[in-house]
2 protein chains.
Amino acid sequence: MLDCQDHEVCIESAMSEAESICQENGLRFTELRKEVLRLIWLSHVPAKAYDILEKLKGKAWSAKPPTVYRALDFLLETGLVHKLDSINAYIGCSHPREHNGCYFLICTDCNEAKECCSPELTDAIELAWNKNSFRPQKVTLEVLGQCGECE
Amino acid sequence: MLDCQDHEVCIESAMSEAESICQENGLRFTELRKEVLRLIWLSHVPAKAYDILEKLKGKAWSAKPPTVYRALDFLLETGLVHKLDSINAYIGCSHPREHNGCYFLICTDCNEAKECCSPELTDAIELAWNKNSFRPQKVTLEVLGQCGECE
DNA sequence: TTAAAAATTGTTATATTATAACATTAAAGT
DNA sequence: ACTTTAATGTTATAATATAACAATTTTTAA
Ligand SMILES: [Zn+2]
Ligand SMILES: [Zn+2]
Ligand SMILES: [Zn+2]
Ligand SMILES: [Zn+2]
């Protein structure tokens, strides 16, 4: 699905951007949170919470569900990670500094997901909700299907 | 949130439309499935599976989780009901014969949800996925926020 | 009209996803 | 140093959903 040439680059740039964002905002990017983010970034296949848990267990942590869910909560709040509600899984944010009309393409064959942005989309959605005098707080837009490489 | 004057009308029209659709398609609209659909239509607040289960228990059925989830599966497959992934709840479809760019507005105050359609939205989404050579199978679009009556 | 096949429902058990509540430890502010 | 706050550890449980197999009902068709 992805235009990812060298995934080590994906990981390292995500980790260092996360580091900067936390520093800038006075947030504590602890070892645990770092490790969870790194585990999520292991691939472009969204990670399940309990899979993260198993992997954490292999790494010095006495991990239990709250260990993972708290780290996830932090990463979600800071925008470093997104939850994909349609598959109950978590994916690293590919551009955590700006979110404009973002949505997700999720391939049901290779299981990879891609975060996309489309201003037209935002416009159309805004138009639609104005019609309904609705004040949006959170938009969930996820498209399940087949990616170009899996047809 | 809703332009629902007389909710008995909502219920009865949904039930009779469901009846027709099942007949037309040779599907069995059993008493159990009917009752689950009616329970979902009790209000415009999306129903939780286990709440449906509790209500079923009060009505002659020896209901257990699979009882409800099977009925839900049937109703979802026939398009009579939608699942809202962002809140794990089920809502009756307000126009099960045609789905074009449908999405959901979910009010976090009154908890009601409204199914909306926007062709512009479909267009924008299609445009976006073409860019990514993605073949969509299922679109999840849910907007959490405050409805006009809850500001 | 009855026997076979298919669909539906019943039932028990368990898988998966997530949070509550309270104790302990580490970090930050004074 | 002491206090406060934040983060993590730990135990238990809540909330959501499915697997597997048995019993029953409905449909199909011999
Ligand atoms: Zn990559
Ligand atoms: Zn993002
Ligand atoms: Zn109504
Ligand atoms: Zn619908």
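Labels below follow one simple rule: chain letters A, B, ... track the order of the sequence lines, proteins then strands, and each chain is numbered from 1. Because only heavy atoms are used, hydrogens play no part in the values below, and waters and symmetry mates are left out as well, while side chains stay in.
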Inset, instruction - Report which part of the nucleic acid R70(B) touches: base, sugar-phosphate, or nothing (heavy-atom distance under 4.0 Å, all strands). - result: base

Inset, instruction - Give F29(A) one of three labels, base, sugar-phosphate or nothing, depending on what nucleic acid heavy atoms sit under 4.0 Å from its own. - result: nothing

Inset, instruction - Check the pair F104(B), H82(B) against ring-ring contact (aromatic ring centres under 6.0 Å, His included), reporting the backbone distance first and the verdict last. - result: CA-CA 10 Å; F104(B) 298 88; H82(B) 296 289; 5.2 Å; yes

Legend entry - Rounded distance in Å - NZ (K48(B)) to C1' (dA15(D)): 8 Å

Inset, instruction - For the side chain of N88(A), starting at C-beta, report the closest nucleotide among dT8(D), dG10(C), dA18(C). - result: dA18(C)

Legend entry - Side-chain donor/acceptor contact of Y50(B) with base of dA14(D) under 3.5 Å: no

Inset, instruction - Using atom OH of Y69(B) as one end and atom P of dT11(C) as the other, report the distance to the nearest whole Å. - result: 19 Å

Legend entry - For atom CD1 of I52(B) and atom C1' of dA17(D), their distance in whole Å: 13 Å

Inset, instruction - Figure out the CG/P separation between L27(A) and dA28(C), and round it to whole Å. - result: 12 Å

Inset, instruction - Could you please name the option among dA17(D), dT12(C), dA7(D) that lies closest to any side-chain atom of Y90(B)? - result: dA17(D)

Inset, instruction - Rounded off to whole Å, could you give me the CZ-to-C1' distance for the R28(A) and dA28(C) pair? - result: 8 Å

Inset, instruction - May I have the distance from L53(B) (atom CG) to dA17(D) (atom P), rounded to whole angstrom? - result: 12 Å

Legend entry - Cluster overlap L121(A) with L105(B), hydrophobic side-chain contacts below 4.5 Å: yes

Inset, instruction - Can you label the angle between the W41(A) ring and the H7(A) ring as parallel, tilted or perpendicular, going by 30° and 60°? - result: tilted

Inset, instruction - With the side chain of K64(A) defined as its heavy atoms from C-beta on, choose the nearest nucleotide among dT10(D), dG10(C), dA18(C). - result: dT10(D)

Inset, instruction - Using a 4.5 Å cut-off on heavy atoms from C-beta on, say whether the side chain of W129(A) contacts that of C116(B). - result: no

